[in-house]
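One structure is given below, encoded as structure tokens.
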Amino acid sequence: MKFSLIVDVSLREGIADPEGATIERALPALGFTGVTNVHAGKSFRLDVEAPDEAAALAKATALAERLLSNPVIENATARLGQRS
Amino acid sequence: MKFSLIVDVSLREGIADPEGATIERALPALGFTGVTNVHAGKSFRLDVEAPDEAAALAKATALAERLLSNPVIENATARLGQRS
Amino acid sequence: MTRIGVVVFPGSNCEYDAVAGVSQLGAQAELVWHSQTDLSAFDGIILPGGFAHGDYLRPGALARFSPVMEAVARFAAEGGPVLGICNGFQVLTEAGLLPGALQKNRGLTFLCQPTTVIVTSTHSVLTSGAILGQELVIPINHFSGAFTCDDATLKTLEDNGQVVLRYKDNPNGSRDDIAGVANLAGNVVGLMPHPERAMSTLLGSADGRVLLASFVTANVPAA
Amino acid sequence: MSSAPEPLHRALGLTDPELEAIRSVLGREPNHLELALYAVMWSEHCSYKSSRIHLRRLPTTAPHVLVGPGENAGVIDAGDGIAVAIRIESHNHPSAIEPYQGAATGVGGILRDVFTMGARPLVVMDPLFFGELTDARQRWLVEGVVSGISGYGNSVGVPTVGGELTFDDCYASNPLVNVLCAGALPTERLVLGVASGVGNLAVLLGSSTGRDGIGGVSVLASAGFEGSDGATSLDDAKRPSVQVGDPYEEKRLIEACLELLDHGYVVGIQDLGGAGIVCATSETAARGGVGMDVDVTAIPLREPAMQPYEIMTSESQERMLAIITPENWPAVAALCAKWEVRATIVGHVVEPTPDKDGNPVGMLRVRHGFDGEILAEVPAKSLADEAPLYDRPRQRPANLDAVRADDPTDDEPVGSPNEDLLGLLVDPAWVYRQYDSQLFLNTVVGPGRDAALLRLAGPGLPISERGIALSTDSNPRWCALDPRTGTALTVAESVANLACVGATAKAVVNCLNFGNPEHPEVMWQLSEAIDGMAEACKGLGLPVIGGNVSLYNESGGNDIDPTPVVGLLGVVDSLIAPPPGWAWREGDTVVLVGARRAAGDQPFPLGGTRWATRRGRRGGRVPAFDAATFATTAAFVAREIAAICAGRPSDVTAVHDVSGGGLAAALGEMVAVTGVGADVTELESHGELFSEFPGRFVMATNDAGSFVDRARASGVAVVTLGTIGGARLRIGGQVDLSVQQIVHRREAALVEALALDA
Ligand SMILES: Nc1ncnc2c1ncn2[C@@H]1O[C@H](COP(=O)(O)OP(=O)(O)O)[C@@H](O)[C@H]1O
Ligand SMILES: [Mg+2]
């Protein structure tokens with residue numbers, strides 16, 4: 001069976017996020033106030049062929065950790081998703 | 001009140017996604033088979049100060065469309081999320 | 001003497017090179033800080049290369065909100081010559097002053113190398129002094145330089161002669177080999193290659209002179 | 001792990017005698033914070049405690065040296081009122097765990113060393129060493145490191161104009177990422193990292209401070225600090241020690257600092273690198289012979305609940321410390337606001353305090369509020385300059401003679417020279433194409449040739465016709481066989497590279513990448529390498545004006561091959577035309593300049609050559625270095641090329657030094673970049689094809705008679721090798737390859753090894 005999955009990759013807590021910080025600093029000048037804690041991350045959509053959901057998730061998780069992120073600075077999680 | 005939101009940004013249908021394609025091509029060599037349709041996107045986590053959920057979502061949506069994505073090539077959607 | 005304003009965003013880095021380029025051609029160039037909103041002193045505006053606002057989010061995404069950009073839009077609307085080089089091109093597309101968008105290079109790496117571009121329209125402030133079909137050796141220097149747009153936009157660009165430069169040997173996956181485009185009026189032009197880096201044979205090529213010379217003496221020819 | 005039985009000082013990496021030394025400096029027991037300060041400042045990384053006594057043997061002076069080793073960067077007078085600052089550093093260990101950020105922050109750090117001197121950074125170079133690419137992890141490292149340098153260097157706006165790329169399995173667990181930066185300044189604007197003037201302010205510029213790069217001292221988190229309430233009792237493993245680079249912040253920081261200097265607002269300025277605030281404050285105070293009060297609560301933080309030891313030792317990137325007079329503070333604050341650079345007063349320069357004998361001692365005091373509690377109080381000099389120095393045991397490796405005896409020079413030549421040659425050609429373009437090498441319109445010769453050559457020009461500099469040339473070189477195989485001669489030959493190779501672009505060498509910087517200094521063999525290698533560098537530099541009249549030592553490049557008990565990297569800076573007096581480079585033309589005569597045969601009993605030595613190493617033959621002897629003959633040859637070549645740079649007519653059409661891969665590789669490379677073949681006479685042996693020894697150049701001329709006369713008149717050996725032209729490279733009956741094949745194999749080698757799509 002084919003499952004649609006989403007892998008979210010974000011910086012680990014405490015790791016500097018210059019991109020998020022830069023965006024956050026720019027917001028007031030654009031008229032967006034009250035927006036804080038901006039963090040920039042990546043997400044990947046993919047289709048995985050697997051016997052069941054659990055296997056698909058396991059495969060995506062392995063992929064996320066081995067290829068799509070560097071666990072030293074990033075967290076990666078896989079979830080089932082429908083394609084938007 | 002403060003709401004945690006996530007903005008997902010993905011490439012529009014029909015726009016080339018060299019990053020997704022490159023990852024997909026690299027997978028078999030790493031022992032990942034049966035993974036197709038890989039698409040690379042971005043996600044932003046942010047906290048929004050707003051009177052209620054609907055207002056928070058509206059604010060994040062405006063931000064997503066005005067700043068966080070380029071409508072010429074990208075789609076953006078905002079959703080409520082809990083911080084991981 | 002032609003007075004050229006070279007816009008400096010925090011993170012721009014080719015501003016001195018742009019000044020040097022047009023100065024060599026007899027123009028008087030001046031740096032314009034991005035918070036400035038009055039461009040009336042200038043006959044032409046250059047948005048130089050670099051990484052405005054660190055290219056965070058997307059190249060040009062934050063820069064287009066800089067105060068100077070409203071002034072640039074007015075300047076352009078009044079027919080003033082505006083040139084975006086590399087990052088400047090990205091800013092102009094983000095600001096909606098030029099069509100399309102610039103995506104990551106096909107190979108997903110930054111590319112700094114000489115390219116050969118072909119002049120495919122002389123209806124622009126950048127190419128008016130060049131010859132149709134002329135080949136120019138000009139370096140590129142970018143990560144997100146693959147021009148992209150939808151089919152309808154592409155057709156309009158082609159029908160109106162707005163594609164001003166094409167790569168001879170597409171280095172980055174740019175749609176239809178597009179290296180530079182102009183707006184309909186031809187007074188706003190963006191290109192990914194760096195003509196200011198091709199101003200003398202000591203540095204490898206002088207082929208950029210014909211482009212910047214057109215810009216400095218900008219007169220938009222009738223279509 | 002958190003309840004380590006060992007005493008705190010040892011957990012922090014301080015030895016028992018070091019603790020004793022601290023006690024005697026202070027005349028009392030240090031508190032935890034003070035211990036942490038000593039632990040980072042007396043670490044190998046900050047104090048050079050294992051290498052310093054040896055480094056003293058390097059020659060460091062010459063009339064044109066304005067600043068020698070010891071400052072943030074070395075500086076020479078390049079003429080015309082322009083000074084050039086240069087520095088090289090390693091970022092090896094960070095790059096091994098997060099290649100992108102490790103390399104990126106390496107670039108950031110070296111730039112700060114240079115603009116600290118008041119110089120605008122104008123070029124970066126990046127000598128890189130990885131394991132063989134047959135391993136997927138190595139490919140990941142290469143892609144990560146190269147994109148990190150590209151991502152940071154391009155964005156911050158400093159061209160990367162050269163470097164090195166070496167693959168050898170000794171680096172598989174210890175990749176080396178060295179970065180060199182050079183910048184220029186008007187000579188009169190030279191500034192030093194000195195705090196002076198009691199009452200002056202120490203202003204922290206740039207990024208906020210987080211828990212980045214708090215390595216060893218993080219044991220303090222579990223050692224129980226005053227009022228430890230659990231808020232910081234994070235698991236050690238969760239403590240981020242990876243620094244993330246922010247080139248955009250750095251770019252604004254560079255512009256802001258240079259503008260501050262232009263206005264004369266700063267008394268002294270210092271970058272924050274290893275050991276962060278404690279390092280910058282103690283070094284500036286020590287140099288100025290003053291005291292410094294630092295308010296830990298004033299420092300802008302990025303993370304909650306940071307402890308004073310974390311704040312003082314954090315290695316958060318993109319920060320500088322400026323010493324200014326109080327009157328200038330409003331102007332400094334306004335200028336920084338324009339560049340969106342955060343500026344915060346974090347310290348005060350204070351009077352030295354009399355010690356018990358009444359001698360003034362500049363104290364670094366860490367306080368909770370400027371008038372608040374004193375959390376630590378130690379002599380600044382004791383942190384910055386008085387780390388214990390070690391003369392660690394040295395021992396010549398026991399197997400060295402056996403390794404040297406295993407010489408490939410006399411091996412029977414199995415296999416085909418054609419294939420051997422093709423296998424030696426690797427075009428590093430995939431790497432350097434990712435680097436902006438042209439910014440500032442100075443790059444006359446960019447990456448991919450013998451040395452980089454740039455106009456000596458930049459915003460704010462006096463007008464000059466001069467050029468500067470740079471090369472980075474290393475030869476770990478030779479250094480493994482003979483670190484002394486190997487290092488001397490490395491210096492020579494740099495000089496040869498500079499000669500190819502017409503430059504006269506002016507100053508050396510070096511990055512000494514070695515294994516574990518507690519291994520006596522490694523200490524021997526280090527000491528020998530330093531002697532070799534000293535001998536070569538003295539022989540060639542070159543001062544060493546800066547460097548960096550990276551030790552503990554070992555894993556699983558295996559040390560890397562000794563890898564001293566030489567960075568050489570030279571000057572071309574008049575640069576108005578490009579040097580000929582490798583671009584020979586149809587009909588030219590190709591000549592070999594320099595002694596055809598090596599001195600000594602091996603005319604064509606193959607020990608430690610690329611040819612031998614590729615065959616798995618790593619032993620042998622290293623060719624001798626004759627500085628005098630070498631210098632004559634290099635000077636002749638430099639003169640010939642300099643004349644062309646100055647715009648004078650010449651019959652010389654191409655030049656390339658013979659180095660890695662030997663004569664055959666030099667010819668192959670020239671064929672590859674010009675697309676024009678050559679017909680070369682039969683060489684004496686396969687040894688002559690691939691032998692590597694110093695002081696040889698392949699040159700092309702369109703007037704061989706005149707060229708040969710000039711060489712001989714200069715006392716330089718020269719021999720005609722053949723004629724340029726055609727679509728093949730023929731070397732006697734030994735090599736016969738099509739130009740196309742050479743071009744293709746060379747271009748594809750790296751891309752294929754990286755398993756990338758072409
Ligand atoms: N990592 C790198 N970054 C930039 N340029 C590089 C890198 N590696 C090699 N190069 C460039 O490729 C060319 C060849 O390098 P190398 O073979 O080490 O030269 P040489 O033998 O003359 O010292 C040089 O110009 C060098 O600067
Ligand atoms: Mg060379």
Side-chain angles (χ1 to χ4, degrees), chain A residues 1-13 17 19-24 26-51 55-56 58-69 74-79 81-84, chain B residues 1-13 17 19-51 55-56 58-68 74-79 81-84:
Chain A
M1 271 174 72
K2 194 173 264 186
F3 296 89
S4 278
L5 289 128
I6 300 173
V7 172
D8 296 303
V9 178
S10 59
L11 285 172
R12 296 180 73 155
E13 204 61 47
D17 177 8
E19 180 158 20
T22 303
I23 296 168
E24 187 168 330
L27 290 175
L30 310 184
F32 290 97
T33 53
V35 182
T36 49
N37 248 312
V38 179
H39 286 282
K42 291 181 276 189
S43 73
F44 300 88
R45 292 178 295 146
L46 36 95
D47 291 348
V48 172
E49 189 65 50
K59 197 168 186 173
T61 304
L63 183 70
E65 286 168 3
R66 260 196 70 202
L67 179 67
L68 302 178
S69 69
E74 291 166 328
N75 289 314
T77 50
R79 61 190 160 97
Q82 48 255 48
R83 338 225 27 162
S84 52
Chain B
M1 274 173 72
K2 197 173 261 187
F3 296 88
S4 279
L5 288 125
I6 299 172
V7 171
D8 296 303
V9 177
S10 58
L11 284 173
R12 296 187 142 198
E13 206 61 47
D17 178 7
E19 197 164 353
T22 302
I23 294 168
E24 192 166 327
R25 270 200 312 277
L27 289 174
L30 297 173
F32 292 98
T33 53
V35 182
T36 49
N37 247 313
V38 180
H39 287 281
K42 291 184 271 191
S43 75
F44 300 89
R45 291 179 297 145
L46 37 96
D47 291 349
V48 171
E49 189 64 51
K59 199 166 181 174
T61 304
L63 188 64
E65 287 169 359
R66 237 189 105 205
L67 178 67
L68 300 180
E74 292 166 327
N75 289 314
T77 50
R79 61 188 161 99
Q82 47 258 45
R83 338 221 31 153
S84 55

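Letters A, B, ... mirror the listed sequences (proteins, then strands); counts begin at 1.
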Heavy-atom distance under 4.5 Å between the side chains of [X] and [Y], does that happen here?
X	Y	answer
A/Leu27	B/Leu63	yes
A/Arg66	B/Leu30	yes
A/Leu46	B/Asn37	no

Counterpart residues, salt bridge (charged side-chain N to carboxylate O under 4.0 Å, His left out), relative to B/Arg12 (two or more places apart): none
For A/Lys42, side chain to side chain contact (heavy atoms under 4.5 Å, CB included) partners two or more places apart: A/Val9, A/Phe44, A/Glu74
Chain A interface, residue from B/Val35, B/Val48, B/Leu67, B/Asn75 that has the most non-hydrogen pairs under 4.5 Å: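 Of the candidates given, the most pairs with chain A belong to B/Val35.
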Contact leader toward chain A among B/Asp8, B/Thr33, B/Ile6, B/Val7, where contacts are heavy-atom pairs under 4.5 Å: B/Thr33
Contacting moiety of B/Lys59, where chain A heavy atoms sit under 4.5 Å: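 For B/Lys59, backbone and side chain are both near chain A.
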Residue part contacting chain A, namely of B/Leu68, when any heavy atom lies under 4.5 Å: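 Side chain only.
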Engaged part of A/Ala62 at the chain B interface, taking heavy atoms whose separation is under 4.5 Å: both
